[in-house]
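Here the structure is laid out as structure tokens; the discussion comes afterwards.
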Amino acid sequence: MTKRRLKKPVAYVLYGLVFVSVFGAIFSIESATSPKLQEPDMEYVSKTIIENNEPVVAINNVIKRPYNNETVKIIKDYYDYKDESVEQENSIIYYEDTYLQSSGVSYGGDVSFEVLSILDGTVSSVTENDLLGNIVEIDHGNGIIGYYQSLSDIEVKKGDTVVQGQKLGKSGFSNIAKDLNDHLNFELSIKGKLVNPENYYDRNISDLEEQ
């Protein structure tokens, strides 16, 4: 029998196939015997941390009360012809034998209290009236004007820019309502019409544009 020798290229190919077969077998055995690593339970989301579907309402766009003293209460109502007779009686001002309808709301407490701006705005005027006492008028924009009457210790002047909650002065006295003693009389005008302030506190000014 004649011995045949493999050519070198063929031998190299055979050696390579043997190596791949052995390596593959070893890898298969290790894969089968090794414990599988478990992925941690994770919940994938598509939203970002800055995504917010609900609009953010700016606090200074919400009408606030002109005071923050918890002892303050209504001592004279706004006159509304739609109100019950009892409420209408508490909205009548008696001055020099004349009955007058209250066009604002008077607030009073046990002691003098700070009067605050209901919104940002610009002071239109600071005047002294014989009947209503010291008055600070503020243009709050969007057709909203506040009349802060019967004040004392006024801390603003005409042309000043004020922010919501800023102190304008303190409650005081007026000749037209001496029986109310120390108080604040507040009138609110919206789009040229005097309204009951109690119906507008805690409302966003954007709601008023729909009216």
Side-chain angles (χ1 to χ4, degrees), residues 57-80 83 87-93 95 100-129 131-191 193-208:
V57 178
I59 296 178
N60 61 354
N61 285 338
V62 176
I63 301 175
K64 296 299 181 181
R65 290 182 174 273
Y67 59 88
N68 60 7
N69 189 318
E70 296 182 353
T71 66
V72 174
K73 59 185 179 180
I74 297 175
I75 54 178
K76 182 69 67 176
D77 290 314
Y78 169 89
Y79 183 87
D80 190 335
D83 285 341
E87 295 175 331
Q88 288 181 343
E89 288 178 6
N90 191 45
S91 61
I92 297 297
I93 300 172
Y95 177 73
L100 305 172
Q101 299 171 352
S102 175
S103 54
V105 178
S106 294
Y107 301 97
D110 298 331
V111 295
S112 179
F113 57 92
E114 293 183 351
V115 176
L116 312 176
S117 180
I118 63 170
L119 289 166
D120 296 351
T122 302
V123 179
S124 305
S125 65
V126 177
T127 57
E128 182 178 356
N129 185 279
L131 294 180
L132 301 174
N134 295 316
I135 303 172
V136 173
E137 176 184 331
I138 298 180
D139 185 348
H140 294 293
N142 298 287
I144 303 173
I145 299 177
Y147 301 92
Y148 305 77
Q149 304 169 350
S150 309
L151 299 187
S152 64
D153 300 334
I154 296 175
E155 297 187 5
V156 295
K157 62 182 184 303
K158 181 179 179 180
D160 282 355
T161 298
V162 298
V163 298
Q164 185 181 61
Q166 180 175 333
K167 180 182 176 183
L168 306 177
K170 299 182 70 174
S171 57
F173 299 84
S174 66
N175 289 324
I176 197 172
K178 292 181 178 180
D179 58 316
L180 299 182
N181 298 316
D182 186 287
H183 70 285
L184 160 69
N185 187 65
F186 180 63
E187 294 184 356
L188 181 65
S189 173
I190 297 181
K191 298 180 181 179
K193 179 182 178 181
L194 287 173
V195 297
N196 185 352
E198 288 292 318
N199 295 335
Y200 290 87
Y201 296 135
D202 298 323
R203 292 180 59 182
N204 195 290
I205 59 176
S206 61
D207 298 337
L208 307 183

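A quick note: this is a predicted structure, and the numbers were derived from the prediction, not measured.
No side-chain heavy atom of Ile63 sits under 4.5 Å from any side-chain heavy atom of His140. At a threshold of 4.5 Å between non-hydrogen side-chain atoms, the residues Ile144 and Leu188 count as touching. By the 4.5 Å heavy-atom criterion applied to side chains, Glu137 and Ile145 are counted as neighbours. Counting only heavy atoms from C-beta outward, the side chains of Ile176 and Leu100 approach each other to under 4.5 Å. Side-chain atoms of Tyr107 and Phe113, non-hydrogen and from C-beta on, do get closer than 4.5 Å to each other. A 4.5 Å side-chain heavy-atom check between Ser174 and His183 finds at least one atom pair inside the cut-off. No side-chain heavy atom of Val115 sits under 4.5 Å from any side-chain heavy atom of Tyr67. Counting heavy atoms from C-beta outward, Gln88 and Tyr79 have side chains that approach closer than 4.5 Å.
Shown here are the side chain to side chain contact (heavy atoms under 4.5 Å, CB included) partners of Thr161, two or more places apart in sequence or in another chain: Thr122. Residues satisfying the side-chain hydrogen bond (donor to acceptor under 3.5 Å, both in side chains) criterion with Gln101, sequence neighbours excluded, are absent altogether.
Checked by atom type and distance alone, the side chain of Ser152 pairs as donor or acceptor with a backbone atom of Ser171 at under 3.5 Å. Side-chain atoms of Ser150 come within 3.5 Å of backbone N or O of Leu132 as a donor-acceptor pair. Without hydrogens or angle criteria, Lys76 side chain to Asn185 main chain gives no donor-acceptor distance under 3.5 Å. Side chain of Asp77 to backbone of Ser91: no donor-acceptor contact under 3.5 angstrom is found.
In this structure, Asn61 CG and Asn204 CG are separated by 5.5 Å, a value rounded to the nearest 0.5 Å.
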Chi angles and distances behind the side-chain contact (heavy atoms from CB on, under 4.5 Å) call for Asp202, Lys64: CA-CA 6 Å; Asp202 298 323; Lys64 296 299 181 181; 3.7 Å; yes

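With respect to Leu168, the side chain to side chain contact (heavy atoms under 4.5 Å, CB included) criterion is satisfied by exactly one of Ile118, Ile154, Val126, Val162: Val162.
The number of heavy-atom neighbours closer than 6.0 Å to NZ of Lys167, taken from other residues, nucleotides and ligands shown, is above 12.
A ring-centre distance under 6.0 Å is found for Phe186 and Tyr148.
Here the shortest heavy-atom pairing between Asn175 and Tyr95 reads O-CE1, 3.6 Å. Pairing each heavy atom of Tyr147 with each of Leu194, the nearest pair is CE1-CD2, 4.5 Å.
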